[in-house]
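I have placed the structure first, in the form of structure tokens, so that the comments after it can refer back to it.
The figures here come from the full heavy-atom set of this structure, side chains too, leaving out hydrogens, waters and symmetry mates. Reminder, nothing fancy here: chain letters follow the sequence lines and each chain counts from 1.
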2 protein chains.
Amino acid sequence: MARRRMSNPLALAVLALLNERPMHPYEISTTLRERRKADSIKLNFGSLYTVVESLERAGCIVATRTVREGRRPERTIYAITDAGRVELDDWMAELVSTPVKEYTRFEAALSLLPVLPPDDAVRMLSERRQRLLEESEAAKATARLATVENLPRIFRLEGEYVDALRDAELRFVDALITSIATRELDGIELWDVFHADAARPEEMHALVTAVKEKIAGGRWGELTPALLAEMETLSGGPAAIEGGGDGTTGGGPR
Amino acid sequence: MARRRMSNPLALAVLALLNERPMHPYEISTTLRERRKADSIKLNFGSLYTVVESLERAGCIVATRTVREGRRPERTIYAITDAGRVELDDWMAELVSTPVKEYTRFEAALSLLPVLPPDDAVRMLSERRQRLLEESEAAKATARLATVENLPRIFRLEGEYVDALRDAELRFVDALITSIATRELDGIELWDVFHADAARPEEMHALVTAVKEKIAGGRWGELTPALLAEMETLSGGPAAIEGGGDGTTGGGPR
DNA sequence: ACCCTGATACTCGGCGGCGAGTAATCGGTA
DNA sequence: TACCGATTACTCGCCGCCGAGTATCAGGGT
């Protein structure tokens, strides 16, 4: 039991299917597609065979027999082991009970949004908003159809989850667009400045540094939960961090 | 320009920083941490150097000079190119304007939730709920501190985004827990049945198959937007898909 | 004068993901 | 019967990701 958990959720899906009955990898893949699991768990052939092999090495599954029908290629049939069943339960427990940070592209883009001129940002955010609206409509239609077809909600939980997240993102994008367009967004004048005067990187850098000095007395980039805790435990004034600014490596806003 | 876009958002962050001024990779990494970008963009040393090398191959950045201070290891300083600036803008535009499906662990877990007994599921979901609540509190505190410290909202957009998503997830989990605990969840009797009678995989499989037959006349797994569109364009009755059940592998449409 | 810690600045080997490629068979058609 | 495309069932090799490891130096303490 000294092994580290696999990271690919596809392995979890494999365990879940083999927990129903033994299968060969190709059947696993078709079943996954048939049950729409592939919408929630990234599936492709290469990874599937990699993952199966790795599960076998870990002792979670065993190749029971290889069958050949006619002169078709051999099919290796795998079955789950007791260790595999334990792993399945443990892994599910961990995934359900413990939230972990996931890095999304849009979050990355938002953190770099100031590299775009505000006008462009509004235009692109509006495009995103439009696309999200369309997806949301399609999702609602699918949900209606699911109801009509008597598909119990149990089998659509993932769908409802992504729908909920999409709607939240939609509201966020909506509000963001408005606050930029109406120029209510706090700090928008800084954003303008990055794209107005600073035609050359050199000047831009000077501006960024100047801005930095004005925020929190140069202690920018230290607004972490850790710092917060520190400030609250140390009763009294706002925690004089050693030495004002550092000067050297100092960079842009954030 | 015949190259395909890189997939690692870290490369985007590198471009964004080099757009301010030339740097060497290690300084990029420290700056990224300093500005808290590493909270939104996965950063580690290995990937950083891989990504820099790959950007250089693509002509987006160039090594301008290598400096050595004292007998320290050499520092290779990179600068962005015109092609790199174009790439930066294009990539940002794409990320902001086009939503793409991201696979999260929790979505995967939800899609496999029926492998857990309902009681266990409630317990684990409650644990998640608790953890999310704590994260949410910490986030609110951080936000307050940011306000106090005069950090303009522009530089906290990513944070507000993840906060919004977390709150949405919290509401979803809350509702889910309730609907399972009160047994209002549609289809919960099926869920019970998986864990009640079926002590052995064989019987479980029989049950699953039986259930499958009852849903939408065996056409389970076909509830896709594509099918929906098809049904709506073909005016008239609910689109008699060719032949009732297919029996064998049944490949769902997609 | 000596050591120890921490920051600096990468290097390297392995592993996992992935998608194009392969090869055989089945079913329908001319 | 000959052919074509779809389906079945994988294989292979590249490349990106990653984190532990390495080597150097500055600064502070004793």
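The CG-C1' distance, from Leu48(B) to dT8(C), rounds to 14 Å in whole Å. Between Asn44(B) atom CG and dC18(D) atom C1' the separation is 5 Å, expressed in whole Å. The CD-C1' distance, from Glu27(B) to dA7(C), rounds to 14 Å in whole Å. In this entry the distance linking CD of Glu53(A) with P of dG16(C) reads 9 Å, nearest Å. Between the CD atom of Glu34(A) and the P atom of dT7(D) there is a distance of 14 Å, rounded to whole Å. Atom pair Met23(A):CE and dA9(D):C1' shows a separation of 15 Å (rounding to whole Å applied). Whole-Å rounding puts the Arg5(B) CZ to dG16(D) P distance at 16 Å. To the nearest angstrom, P of dC15(D) lies 13 Å from CE of Met6(B).
Smallest separation of non-hydrogen atoms from Leu48(B) and Ser29(B): CD2-CB, 3.6 Å.
Of the N and O atoms on the side chains of Tyr161(A) and Glu169(B), at least one donor lies less than 3.5 Å from an acceptor on the other residue.
Contact check, Lys42(A) against dC18(C): a side-chain N or O comes under 4.0 Å of OP1 or OP2. Remark: Thr50(B) is not in phosphate contact with dG16(D), judged by side-chain N or O atoms under 4.0 Å from OP1 or OP2. Between His24(B) and the phosphate of dT8(C), there is no side-chain N or O to OP1/OP2 separation shorter than 4.0 Å. Side-chain N/O atoms of Arg57(B) include none lying less than 4.0 angstrom from OP1 or OP2 on dC15(D).
Note that the OG1 atom of Thr31(A) and the CD atom of Glu27(A) stand 5.0 Å from one another [nearest 0.5 Å].
Judged by closest nucleotide on DNA chain D, Pro25(A) is the one of Ser47(B) and Pro25(A) placed further toward the 5' end. Mapped onto DNA chain C by nearest heavy atom, Asn8(A) and Phe45(A) fall at different nucleotides, with Asn8(A) at the one closer to the 5' end.
Judged by distance alone, with hydrogens and angles left aside, the side-chain atoms of Arg128(B) form a donor-acceptor pair with the main-chain N or O of Leu95(A) at under 3.5 Å. Under a 3.5 Å cut-off, the side chain of Arg105(B) and the backbone N or O of Val100(A) do not form any donor-acceptor pair.
The environment of CD in Glu94(A) is crowded: more than 12 heavy-atom neighbours from other residues, nucleotides or ligands sit within 6.0 Å.
Between dC10(C), dC10(D), dC18(C), one nucleotide has an atom nearer to the side chain of Arg75(B) than all others, and that is dC10(C). Closest to the Tyr49(B) side chain, of the nucleotides dC17(D), dC10(C), dC10(D), is dC10(C). The side chain of Tyr26(B) has dT8(C) as its nearest neighbour among dT8(C), dC18(C), dT11(D).
Under 4.0 Å is where a charged nitrogen must lie from a carboxylate oxygen, and between Arg85(B) and Asp90(B) no such pair does.
Scanning residues 100-110 of chain B for heavy-atom distances under 4.0 Å to DNA chain C yields an empty list.
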